[in-house]
Amino acid sequence: MKSAVVVFPGLNRDRDMLAALESIGGIPPVTVWHKETGLPDVDLVVIPGGFSYGDYLRAGAIAARSPIMQAIREKADQGTRVLGVCNGFQILTEAGLLPGVLMRNASLRFVCKTVRLKVENADTAFTRGYSAGQIIDCPVAHHDGNYFADSDTLDRVEGNGQVAFRYAEGTNPNGSLNDIAGVFNEAKNVLGLMPHPENLIEAAHGGSDGRALFAAALDQVA
Amino acid sequence: MSIPNDIQITADIVANHGLSSDEYEKIKQLIGREPNFTELGIFSAMWNEHCSYKSSKKWLKTLPTTGTRVIQGPGENAGVVDIGDGQAVVFKMESHNHPSFIEPYQGAATGVGGILRDIFTMGARPIAAMNALRFGAPDHEKTRHLVSGVVAGVGGYGNSFGVPTVGGEVEFDARYNGNILVNAFAAGLADTNAIFYSKAEGVGLPVVYLGAKTGRDGVGGATMASAEFGDDIEEKRPTVQVGDPFTEKRLLEACLELMATGAVIAIQDMGAAGLTCSAVEMGAKGGLGIELDLDKVPVREEAMTPYEMMLSESQERMLMVLSPDKEAEARAVFEKWELDFATVGRTTDDLRFRILWHGDEVANLPIRELGDEAPEYDREWVTPPAPAPLGDIPRMDVGEAVLKLLSSHRFASRRWVYEQYDTLIGGNSLQTPGGDAGVVRVAGHPTKALAFSADVTPRYCEADPFEGGKQAVAECWRNLTSTGADPLAATDNLNFGNPQRPEIMGQLVKAIEGIGEACRELEFPIVSGNVSLYNETNGRAILPTPTIGGVGLLPDHANMARIGFAAKNQPILLVGAPAAWGKHLGQSAYMKDLFERSEGAPPPVDLQHERRTGDFVRSLIRSGMASAVHDLSDGGLAIGLAEMALASGIGAEITALEGCDPVEVFFGEDQGRYLVTLSVDPQDEALDKLWQDAEEAGIFAPWIGTTGGTDLTLGAAAPLAIEDLRHSHEEWFPRFMSN
Amino acid sequence: MKARVVVTLKPGVLDPQGQAIEGSLGGLGFTGVSAVRQGKIFDLEVDATDAEDARSKVDSMCTRLLANTVIENYSVEISE
Amino acid sequence: MKARVVVTLKPGVLDPQGQAIEGSLGGLGFTGVSAVRQGKIFDLEVDATDAEDARSKVDSMCTRLLANTVIENYSVEISE
Ligand SMILES: Nc1ncnc2c1ncn2[C@@H]1O[C@H](COP(=O)(O)OP(=O)(O)O)[C@@H](O)[C@H]1O
Ligand SMILES: [Mg+2]
């Protein structure tokens, strides 16, 4: 399956993401610059992590208004898989493709460590490599990962099975409501998550729990 | 500051520029007239301690700086060391002490920004960072605020820029109450055939300004960095520099893209005294003059004077000499990244540094003399007095002492600090903070990795700067070795008090001698560095703190050692031990932290022994026999064992040593020792072979105990549950910071 | 024309910064402090024919970029 | 008593956020926008005997926590 990685100025985990997609999918992804207005013909669009525009104003806010976002929106509407990791998640919420917002961590500090995630919904194109309820390791590295939504939105997200991952008990690093670490859109073809599965895909990383996510998104699993 | 350029220069103005009257006379002699105000500013920037190294140069020259792998030693933005396969590691460490005391977040952030710029200016993509921090006593009123701001600033910049922070140091001591230390290290990877230097070549070529716009930030900053603080510190505040990691990240990408086009002839980042130092350096090194037209410089404030523009320390700026036929291509790269790009001058053949502004020539100075003729002092120095001899050793139960030390500010886990740093970005971090050295894989190579460590024990340096200097180098070398790396080369960041005091100068001289001796013996050359003097307030100097940052190469990270015990029932060897395992309590943490006593000589470093032992440990790691390795330093054997147990959750039982004093055994800080666990069965003959090899190498490597269980049992002392150790170890920092 | 935009969190939206600041103020010995909320301001200059025009331009900047209207309210003041 | 604190960067201090926002507004087609500077506000309630007392309390909160007076200015408004 073909994939594209969208690059905004200030993103910095683009190389990590390119390496992960290539190593798991076997094909180097296409890189798309934020000023472009169209996307190549791919099955998976990924917005990686980092600090687009320095995260100035609000994390992801400025990038969410870039020219390429219209094309991403259209692709998403057509059912193409879109994955936003960390800053990518923030960008997707700012752009309205995913519900809720990511606020400053409750500690007000940047946090980088490995947490445990509970796979909440394993019945989607992204998560079918895991089983529901499975606990996996995954690193986080962010300053604004505190998931918030008003109660109606939250009820809807919970009710529709839109929660993809939760921080396992006792490991919520940022104060997210309902321990939410990742959410889908209603159609489940758009996923945003704060943790970095791309940094846990081989023995040298100390584990490979992140692999299954990319393997599924790239149709490398049955 | 709208002082006219033709103002009469008075003795007061000269003094305010940090220049002595002799220095001013020398300036007049060199240029054959009185300087105007802008020229005086330029001289003050070039001739202050920070840029000219006038007090330290004589001694820095004695350091070993060459080696078979050294491509570039001190003198450029960073040192360059060959790591094979056409690649090099580029690294340096630099201080941002004074700015961080005044504005901890921005001071530390711009320190990180500055060192990263030094690295990518040379054509290298940064792959690792470290930070060595020293704060005042925990109970000093400013300390918590400074810790919080500095750590947030280091993280704020490095995380956003996108470099993994893989190591560092944090230490507290009342001697840093008025002068904290923020030493930032960065390393990058470059191809050996694509390293960029600051030496300009070719006459009539465009001098191009890149990056952020110039403001009044830090005007006079370099001068301040070289001045002692007094109570009037508030008044010395220049406009604080604010870091913009977003711009720096774009500058990195734009510079590397530009370098790949072949357009760059010379490049220099604008650090202290930005435009002045960078332009002079490029011209002087290339034997060329430089003419700058300040009307072309992108500015972000109105009515800036030439003086201000020449001394501005606005961050995220670069100066380049470009090949004229590539100017358009270069401009396109910078426009893509939305950075300022302006041709602000040209190279000339007359060796003059000429500044034009509003149609006038506002400065015209001999470019070589600005740097080469900077004063160089052979300052008076005295050998620092030896500390009082070590008195009686007070007793404490070994277990109680371990718990107390682990929960003290010195040994408490630094997790609160390093969890604020992105340690994983890049996907190549093999060892993150918490072990002996950070390790980062060389991307694209199947087996190679680089190890990084920053070390110094200031209380040793205070007691004996020569031995302390040696020890800093040896400990850094040992930390690299503990991962299995071959130590390659080092960078030094020499933080001291006022060099015009002979006893301080003596500390500097002796520490450099010690560093030099250790670097020579260990074949660990110094390839870059930084000197920070005048770290004192009201006549009270910091502890002498020569931080050593080292880099090592692991040929195959499959054979890499870590600090945590790997499994239970493994023999633990104390490699490099003296017959009594450990003895030296002078200047130990045991004496200092448990009894507030700081007498006695620091532990001496036998460099031949260091080398033999390190080489032996490395061979054990490479052979696959060593399953975990940790060097012993601060706190001795007890702390070393506790750290190995904590990193793994596996306990250990250490045999009681008959006839020895347990305090000396467990808390002595004898140098040149490693704890090594083995993956071989104790009955295996491999172990006999190991001891035979050790004996032949002249190394004592006693089997001191075995891993296993959930307690740490130190000789005859009552067992300590690892969970209790963990509680002690993890508790201090968060509690301190939340108060 | 000069404009000042004030962006505040909507009531009911969690404010981690405000909460943390309230805690720190307590820690510093300030008693009786409550309901701390943090917001943002933007000062800017905008070319406009008159105050009305300026306001409508700035208003549109707010909805399109400066405020995230899912969680934030904003107000605009025009001067000069 | 209610108080609003406005914290702005001192003139001359670099404001990377303001710059990035200015650039983004340009990208969104807003022309003639300049001098964008970002600041913070804090709304809070404080127990005080009168406006005078409230002001002096909040003033001290500003110097001790809310503003970084090395690079920021602040102003205090008291209401109710
Ligand atoms: N400021 C810091 N930034 C990142 N890591 C740090 C910092 N301070 C300490 N560490 C890490 O904490 C661990 C313990 O530090 P230290 O006791 O100085 O190690 P060592 O004795 O091996 O030199 C090391 O892994 C070190 O890299
Ligand atoms: Mg060590």
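Convention: sequence-line order gives letters A, B, ...; per-chain numbering from 1.
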> Measure distances from D:K57 to the heavy atoms of chain C and classify the residue's part below 4.5 Å as side chain, backbone, both or neither.
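For D:K57, the contact with chain C is made by the backbone alone.
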
> Pick whichever of C:L66, C:D15, C:D43, C:V33 has the most heavy-atom pairs under 4.5 Å with chain D.
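With the most close heavy-atom pairs to chain D, the winner is C:D43.
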
> For C:F42, which atoms come within 4.5 Å of any heavy atom of chain D: side chain, backbone, both, or neither?
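Contact with chain D is through both the backbone and side chain of C:F42.
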
> Which bit of D:V58 comes within less than 4.5 Å of chain C, counting heavy atoms only: side chain, backbone, both or neither?
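Neither the backbone nor the side chain of D:V58 comes within 4.5 Å of chain C.
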
> Heavy-atom pairs under 4.5 Å with chain D - which of C:M61, C:K40, C:R64, C:K2 has more of them than the others?
C:M61

> For D:Y74, which of D:T63, D:T8, D:D59, D:T69 qualifies under side-chain hydrogen bond (donor to acceptor under 3.5 Å, both in side chains)?
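Testing D:Y74 for a side-chain hydrogen bond (donor to acceptor under 3.5 Å, both in side chains) against D:T63, D:T8, D:D59, D:T69 leaves exactly one candidate, D:D59.
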
> For the atom pair CD (C:Q17) and CZ (C:R37), what is the distance rounded to the nearest 0.5 Å?
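If I round to the nearest 0.5 Å, the distance is 11.0 Å.
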
> Are the side chains of D:E22 and C:L44 in touch, meaning some heavy atoms are under 4.5 Å apart?
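A side-chain contact under 4.5 Å is absent here.
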
> Taking every non-hydrogen pair under 4.5 Å, which of C:A35, C:G32, C:G18 racks up the most with chain D?
C:G32

> Can you check side-chain contact (heavy atoms from CB on, under 4.5 Å) on C:K10 and C:I71, steps first, answer last?
CA-CA 6 Å; C:K10 288 187 176 166; C:I71 50 165; 5.7 Å; no

> Would you say the side-chain atoms of D:R4 pair up with the backbone N or O of D:S75, donor to acceptor, closer than 3.5 Å?
no

> Could you have a look at C:V7, C:I21, C:T31 and say which one has the most heavy-atom pairs with chain D under 4.5 angstrom?
C:I21

> With distance as the sole test, does D:S24 use its side chain to make a donor-acceptor pair with the main-chain N or O of D:A20 at under 3.5 Å?
no

> Using non-hydrogen atoms only, which part of C:V5 is less than 4.5 Å away from chain D: side chain, backbone, both, or neither?
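Contact with chain D is absent: no heavy atom of C:V5 under 4.5 Å.
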
